[in-house]
There are 2 protein chains.
Amino acid sequence: MRGHVGARRRNTWQRAAVLQAISQAPCHITAEELHDRLRRTRPIGLATVYRALDAFVRDGVLEPAHVGDGKVRYGLAARHHDHLVCLHCGAWEALKACLVPRLPRRLAPGFKVTGHQVEVYGYCARCQAATA
Amino acid sequence: MRGHVGARRRNTWQRAAVLQAISQAPCHITAEELHDRLRRTRPIGLATVYRALDAFVRDGVLEPAHVGDGKVRYGLAARHHDHLVCLHCGAWEALKACLVPRLPRRLAPGFKVTGHQVEVYGYCARCQAATA
DNA sequence: CCTCAATATGATAATCGTTCTCGGATTGAA
DNA sequence: TTCAATCCGAGAACGATTATCATATTGAGG
Ligand SMILES: [Mn+2]
Ligand SMILES: [Mn+2]
Ligand SMILES: [Zn+2]
Ligand SMILES: [Zn+2]
């Protein structure tokens with residue numbers, strides 16, 4: 001056989017484009033948003049976007065964020081930040097700073113920590129006014 | 001009209017059963033797991049379980065948790081805790097203590113904080129061994 | 001205790017984000 | 001240049017959650 005080590009990762013313009021688009025986004029974005037933006041320049045498959053995102057998450061380059069609307073959002077791990085989420089209207093916004101700046105590398109025996117994500121729940125100003 | 005204030009919440013055995021089942025669970029559970037357990041005692045609709053969970057989250061009694069497998073899990077807000085999530089196999093486990101014990105009630109102007117959730121990402125012992 | 005308008009339930013269909021399939025295109029070590 | 005390992009793209013499949021809507025229940029007022 002030619003190559004025998006396996007599990008090598010190849011370089012494709014699709015993966016480079018995904019990473020570049022995410023690095024230009026101000027906050028976490030969904031796979032579909034990413035797909036729409038990338039398609040304006042060059043045709044690319046949605047499945048390819050999903051596969052690239054998964055690979056980057058496994059590599060520790062991207063971090064997923066869950067804001068509770070059923071969509072996973074992705075952002076650069078290097079620009080880590082957390083989010084506020086309104087339990088009433090679902091609106092969400094980025095927090096300026098990380099709430100857990102110093103995370104112990106080992107929280108449980110044998111578990112290797114690579115990142116984290118915090119969602120703070122509550123009610124936004126508008127929904128507080130509407131409920132009052 | 002008889003009643004005119006509106007938005008009153010009624011008491012049903014379904015909602016009581018949902019809350020009781022969750023309080024007996026050691027960690028966060030999904031709507032489907034809950035539905036399966038409750039059905040062993042008395043017939044109950046899955047949609048009803050989902051509605052009860054949403055209502056309790058809005059009331060601040062339950063907190064949702066996202067471990068990245070596409071399913072939302074629910075647990076008592078009074079027994080708040082965070083989770084470790086393996087990026088390779090998806091396994092997750094509860095952390096003993098909360099990583100953000102004192103959360104500022106106001107992180108952003110006008111936003112009322114009611115709770116939070118932390119997901120710590122990394123690789124479990126088994127997957128580290130498999131990847132090494 | 002009755003009434004009955006407001007709510008809740010449950011069976012099922014519909015939604016929709018994500019994953020899977022598979023034939024064809026790319027990549028890159030040798 | 002070769003070619004096996006990988007990756008891509010289009011579309012089907014999947015699965016968790018939500019929407020429908022006819023029927024049942026709740027509970028304040030009388
Ligand atoms: Mn963000
Ligand atoms: Mn838990
Ligand atoms: Zn809101
Ligand atoms: Zn693992």
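Because the structure is a prediction, the values reported are computed rather than measured. Each chain gets a letter, A, B and so on, in the order its sequence line appears, and its residues count up from 1.
- The phosphate of dT18(D) has neither OP1 nor OP2 within less than 4.0 Å of any side-chain N or O from Tyr50(B).
- Pairing each heavy atom of His28(B) with each of Ala65(B), the nearest pair is CD2-CB, 3.4 Å.
- Note on Asn11(A): a side-chain N or O is less than 4.0 Å away from OP1 or OP2 of dG28(C).
- Following rounding to the nearest Å, Leu38(A) (CG) and dG9(D) (P) show an atom-to-atom distance of 10 Å.
- Rounded to whole Å, atom P of dT17(D) lies 13 Å from atom CG of Asp69(A).
- Toward the 5′ end of DNA chain D lies the nearest nucleotide of Trp13(A), the other residue of the pair Trp13(A) and Arg73(B) mapping further downstream.
- In terms of polar N and O atoms assigned as donor or acceptor, the side chain of Arg8(A) never comes within less than 3.5 Å of the base of dT6(D) in a complementary pairing.
- The side-chain heavy atoms of Val118(B) and Gln117(A), taken from C-beta on, include no pair separated by under 4.5 Å.
- Of the options Leu84(B), Leu95(B), Val85(B), a side chain to side chain contact (heavy atoms under 4.5 Å, CB included) to Phe111(A) is made by Leu84(B) and by none of the others.
- Judged by distance alone, with hydrogens and angles left aside, Arg9(A) brings no side-chain donor or acceptor close enough to the base of dG28(C) to form a pair under 3.5 Å.
- Atom CG in Leu46(B) sits roughly 15 Å away from atom P in dG15(D) (whole-Å rounding).
- For Arg51(A), the listed nucleotide lying nearest its side chain is dG9(D); candidates were dG9(D), dA8(C), dA19(D).
- Atoms CD (Glu32(B)) and P (dT18(D)) sit 14 Å apart, rounded to a whole Å.
- The phosphate of dG10(C) has OP1 or OP2 within less than 4.0 Å of a side-chain N or O from Gln14(B).
- Remark: P of dT17(D) and CD of Glu33(B) are 11 Å apart, rounded to the nearest angstrom.
- Looking at heavy atoms from C-beta onward, Val120(B) lies out of side-chain contact with Thr114(A) at the 4.5 angstrom threshold.
- Across the protein-nucleic acid pair, Leu53(B) atom CG and dT9(C) atom C1' stand 15 Å apart, rounded to whole Å.
- Computed from coordinates, the His66(A) NE2 to dT17(D) P distance equals 13 Å when rounded to whole Å.
- The side chain of Thr30(B) places no N or O atom within less than 4.0 Å of a non-bridging phosphate oxygen (OP1 or OP2) of dA16(D).
- Residue Arg15(B) is in sugar-phosphate contact alone, with no base atom involved, counting any heavy-atom pair closer than 4.0 Å across all strands shown.
- Distance Lys71(A) NZ to dT19(C) P: 15 Å, rounded to the nearest Å.
- Of the candidate nucleotides dT17(D), dT18(C), dT7(C), dT7(C) has the atom nearest to the side chain of Arg10(B).
- Side-chain proximity of Ala47(A) to dC20(C), dA19(D), dT27(C): nearest is dC20(C).
- Judged by distance alone, the side chains of Glu63(A) and His80(A) do bring a donor and an acceptor atom under 3.5 Å apart.
- Within the 4.0 angstrom heavy-atom criterion, base atoms lie near Thr48(B).
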